[in-house]
Amino acid sequence: MNEGCVHVEVVCRQIMGEHRITVLPGDGTGREVALEAQRILDTIAANTNHGFEQTVIPCGGQHYLSTGEEWAEGSFEFCRDETDAIFLGAIGYPGARLPNGDLAGGSVILGLRSGLDLFANVRPIKLYEGVPHKIHGEFRQIWQPGMVDMTILRENTEGLYHALLRRSADRAQGRPEYEPEPMTFPGLEGEVAYDPRPISANGSRRLIEMGFEIAQTRNGAPVDGVRRVSCIDKSNVTRGCQLFRRTFEGVAARYPETDVDYGYIDAFMQWITRSPEHYDTVVTSNMFGDIATDLGAVLQGGMGMAASGNVGAAHAFFEPVHGSAPKHAGQNKVNPIASINSIQMMMDYLGRKTNDSDLIEVGRLIDESVADHLKDGKHLTYDLGGTTSCSAVGESIAARLAAKLSER
Ligand code: IPM
Ligand code: MN
């Protein structure tokens, strides 16, 4: 066991290997889907030369309610110093609030986003064949597979979340917690609560640059195969968005081969609903991206299908976009595909980071296994109209992956 494990309360299941993966199951159903993410890691390790050293750290709001801590001391440092990539299940539990009113477990999800400078929240929205949409309580095919395939990049360290992110990162590292300077608001009387929304040129630039780089690895928009980066903001009204758009224009000028377009967040909500095929790569600010990707999840079959990566220059963590869904917890029923696809993103990330094209290929084979599973359509969880359990879906996809990996 390495030094970092000593300081944190962990369930260490050591598998010697070149990639150190920290698993943060978190709350509610996060704990169930984390097991399926681990099953995929185990399947890769068993069928390739890639190995993973997995360290599981209990954390979150539920953990806070039972122990008084969001996670054990030293956990942030372990994630920072002794981890190559992190998987996070979900954070959030009813009644789990810190004395200052913040989300208990925020040190984990928000503390890592800010503390590890994970400036891009990368959220692919892809509709697989065989996936229905739950609309009016019924399962229907609304959008066409192949016509929904975009990636939204949500700025992840500033914007409307900035103060909360900083405070959470400070708490995670045992520093005095940041509070913005008090402001006055002419015309407002009585108690006022507010969240400053700083947007910086640097923060915007690095996100937008990553958007253009990701666009180069994709196949363009479904409608025309053209590589396109869309800048989504509210620059008709806010200064932060005006800076974001101006920064976008500067970066776009360096990518003359890539098509660009612009939209306001409110209009964008109707366009992705009506014509998702127009979009390839989208960049936007923090809160807009939070909201847009929940709507985006509907286009891909629901929150159970939505995977994400929180990515910075030196670190990354991968998580399903859905929350802890406490009402479904303990029933082994939620969809593990968002988590399995988060591991797919993790493999792609590690492959690119370590220049290992085989890991990128492993990521692609996870995608293929998920696609085959969904096309077959026999073993779906309740959110996709089936009755299959979370673990059985995980087993079925893992079996397909094992076959693909061993056939090579
Ligand atoms: C998400 C979640 C988080 C967010 C919550 C849990 C703090 O909704 O990852 O989208 O608002 O960013
Ligand atoms: Mn969200």
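In this chain, numbering begins with 1 at the start of the sequence shown. Each ligand, and each atom within it, is numbered from 1 in the order the structure gives.
Residues R352 and D356 are not paired through a salt bridge, judged by the lack of any N-O separation under 4.0 Å between the basic side chain and the carboxylate.
No heavy atom of V321 sits closer than 4.0 Å to any atom of ligand 1. Distances from ligand 1 to the non-hydrogen atoms of R154 include at least one value under 4.0 Å.
Taking only non-hydrogen atoms, the option from E319, H322, R123 nearest to atom 1 (C) of ligand 1 is R123.
Among all protein heavy atoms, the one lying closest to atom 4 (C) of ligand 1 is Y161 OH, 3.4 Å. Residue, atom and distance of the protein heavy atom nearest to atom 5 (C) of ligand 1 are I109 CD1, 4.7 Å. Among protein heavy atoms, atom 10 (O) of ligand 1 sits closest to D290 OD1, 2.9 Å.
In this structure, R166 places its CZ atom where only 12 or fewer heavy-atom neighbours from other residues, nucleotides or ligands lie under 6.0 Å away. Annotation: D358, atom CG; neighbour count of heavy atoms from other residues, nucleotides and ligands within 6.0 Å is above 12.
Residues F248 and Y262 bring their aromatic ring centres within 6.0 Å. Between F212 and Y255, the gap from one ring centroid to the other is short of 6.0 Å.
Nearest approach of V334 to Y382, heavy atoms of both residues: CA-CE2, 4.2 Å. Nearest heavy atoms, A338 versus M303: CB-O, 3.9 Å.
For the Mn ion (ligand 2), the neighbouring protein N/O/S atoms at less than 2.8 Å, given as residue and atom, are D290 OD1.
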Exercise for the section: Could you check R228 against D280 for salt bridge (charged side-chain N to carboxylate O under 4.0 Å, His left out), going step by step and ending with a plain yes or no? Expected result: CA-CA 6 Å; R228 179 175 299 118; D280 167 10; over 6 Å; no

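Numbered from 1 in the order shown, with element, the atoms of ligand 1 that lie under 4.0 Å from a heavy atom of R113 read 1 (C), 4 (C), 9 (O), 12 (O).
Using a 30° and 60° split on the angle between ring planes, W143 and H133 fall in the perpendicular class, above 60°.
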